[in-house]
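What follows is a single structure, and I will ask about it in a moment.
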Amino acid sequence: MTVDRRGFVIRTGAGAAGLTIGLSGCGPGGGGEAQTGAEGWPTDPGALAERYRDNIYTRLLGVRPHLPAHEHVSRLGGGRMDPEVIAAMAEANEFFVDMNELLEAAGARIAERLGTEAALVTAGGFSAMVLGAAGCLTGTDPERVHALPRPDWPRRECLIQTPHRFGYDRAYRDAGMTIVEAETREDFRAQLSERTAMIAALATAERQTMFAPPAPVDWAPAPGPEVMTVREQIAIGREAGVPVLVDMASDLPTGVGLTEFVGAGADLIVISGGKGIGGPVVRDPGRPCRPHRGGPPQRFAERRHRTRHEGRQGGDRRPRRRTGPLRRA
């Protein structure tokens, strides 16, 4: 599936509200019946403002919606589901099925479409990361499954190159892994040992120095040659017999094909169903909810060098280093 950037923005956010606002300034003013644009949204500024003041969020919860002039950002609401997705969910709501059978059948269907051995629908990308790491820790050993998240065997380390670290990789710790961080290629190979249960790679890291949806190069510059590519890490993992998990939940079909890393030999791939294919958004537990007491809201994009210094609680083995002032996105 391939969608250009303009098409993606229209599908996920700005196409309905943001685009109609832009068009409303170009049309004739005055009275008359309210005109509607994309997906039934009014093009008249007054009618649009009223819709933002009176909607299900404001009526029931007092939460004020914002103009979706952004790409798919989960903590800003993600994107609009495609009509066929909503219709399928409405029809499915009328029937009852065995959930284990449903998961197996849905996984088989996805695996068939992607050309993989198997697939699993999870409650968001963070959940997929936890389950992938757990599988690498335990294999099919039921005793080890029950021992999680406190594995007592030596092979429990997750190896990550520093530029591939980001806030959500705490999922691997939640599964019971100890994160081992490597700065350089040489350090990466040196840290690989019989204790390494998994290599974790972040697809976005090889294209931009910001953990965010694809951004202009002047905002999110391309990484330097010191950043290992995903394919490079897959090759190292295959050589050492260590499974490689590739997190591409932040990627869109505009930058990476859904099967690119399948062909490269990745063992586990995390894909977001809400980005580009119109699925529902699930609030991942990767970022703990906490009360917001004044001050500006958290920006939707963050510099990766900021997130990789977060949370130095036990479970990480990282080289100590001094850090400079944090840059704001």
Side-chain angles (χ1 to χ4, degrees), residues 1-9 11-14 69-76 79 125 129 159-169 179 181-189 191 199-237 244-266 269-272 274-276 286 298-310 318-319 321-329:
M1 179 179 183
T2 302
V3 184
D4 61 27
R5 285 182 61 82
R6 179 178 181 276
F8 182 80
V9 172
R11 287 182 60 175
T12 57
H70 53 76
E71 293 181 342
H72 190 294
V73 182
S74 297
R75 60 182 173 269
L76 292 182
M129 295 164 69
L159 180 58
I160 311 177
Q161 193 196 22
T162 302
H164 286 256
R165 294 222 58 186
F166 71 124
Y168 286 105
D169 63 28
I179 294 180
E181 187 172 321
E183 293 277 359
T184 65
R185 284 177 170 82
E186 293 72 20
D187 189 25
F188 190 90
R189 286 186 175 275
Q191 296 281 12
I199 293 172
L202 179 65
T204 301
E206 66 178 28
R207 285 188 302 284
Q208 63 185 38
T209 55
M210 177 188 294
F211 173 61
V217 68
D218 59 341
W219 186 26
E226 71 280 0
V227 178
M228 298 174 66
T229 66
V230 172
R231 290 175 178 270
E232 187 177 356
Q233 294 179 68
I234 291 174
I236 292 174
V244 179
L245 182 149
V246 180
D247 177 15
M248 56 175 292
S250 305
D251 285 80
L252 316 174
T254 55
V256 176
L258 295 180
T259 60
E260 175 178 335
F261 298 124
V262 174
I269 302 173
V270 177
I271 297 174
S272 172
K275 298 180 177 71
Q298 185 179 29
R299 296 292 296 272
F300 78 89
E302 51 193 310
R303 301 287 181 186
R304 186 158 51 254
H305 70 260
R306 178 182 185 180
T307 60
R308 70 171 183 252
H309 295 296
E310 288 180 349
R318 315 185 195 182
R321 57 191 181 277
R322 299 178 64 184
T323 59
L326 300 178
R327 297 174 59 192
R328 297 185 65 85

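Quick caveat: nothing in here was measured; it's all calculated off a predicted structure.
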**Study point:** Ala182 versus Asp187, closest heavy-atom pair with distance
**Key:**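 Ala182 and Asp187 have their closest heavy atoms at CA-OD2, 3.3 Å.
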
Check your understanding: CD1/Ile199 to CZ/Phe188 distance, rounded to the nearest 0.5 angstrom?
Key ->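 Taking CD1 in Ile199 and CZ in Phe188, the distance rounds to 4.0 Å.
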
Review point. Once you round to the nearest 0.5 Å, how far does CD of Glu206 lie from NE2 of His164?
Key: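 Going from CD on Glu206 over to NE2 on His164, the span is 7.0 Å.
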
Check your understanding: Looking at side-chain heavy atoms only, is the closest gap between Gln191 and Glu183 below 4.5 Å?
Key ->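 No, their side chains stay 4.5 Å or more apart.
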
Exercise for review: For the residue pair Gln233 and Leu159, establish whether any side-chain heavy-atom pair is separated by less than 4.5 Å.
Suggested key: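 No; the side chains remain at least 4.5 Å from each other.
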
Practice item. Specify the closest pair of heavy atoms between Val230 and Ala201, including all atoms of both residues, with the distance to one decimal. Key: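 Here Val230 and Ala201 meet closest at CG2-CB, 4.2 Å.
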
Review point. Would you call Ile179 and Asp169 a side-chain contact if the rule is heavy atoms closer than 4.5 Å?
Key: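 Answer yes - side chains close enough.
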
Check your understanding: Step by step, would you call Ile236 with Met228 a side chain to side chain contact (heavy atoms under 4.5 Å, CB included)?
Key -> CA-CA 11 Å; Ile236 292 174; Met228 298 174 66; 3.5 Å; yes

Review point. Quick one: do Arg185 and Glu226 make a salt bridge, cutoff under 4.0 Å?
Key: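 No, Arg185 and Glu226 are not salt-bridged.
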
Exercise for review: Looking only at non-hydrogen atoms, find the nearest pair between Ala205 and Pro223 and report the distance.
Suggested key: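 The pair with the smallest heavy-atom distance is O-CG, 3.3 Å.
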
Check your understanding: Which heavy-atom pair separates Ile234 from Ala264 by the least distance, and what is that distance?
Key ->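 Looks like CG2-O, 3.3 Å.
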
Exercise for review: Name all residues meeting the side chain to side chain contact (heavy atoms under 4.5 Å, CB included) criterion together with Ala249; count only those two or more places apart in sequence or in a different chain, and write none if there are none.
Suggested key: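 Ala249 satisfies side chain to side chain contact (heavy atoms under 4.5 Å, CB included) with Asp247, Val270, Ser272 only.
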
Review point. Atom CD1 in Ile271, atom CZ in Phe261: separation rounded to 0.5 Å?
Key: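 The CD1 atom of Ile271 sits 10.0 Å away from the CZ atom of Phe261.
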
**Study point:** Which atom of Ala266 lies closest to which atom of Val246, heavy atoms considered
**Key:**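 Nearest heavy atoms, Ala266 then Val246: CB-CG2, 3.8 Å.
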
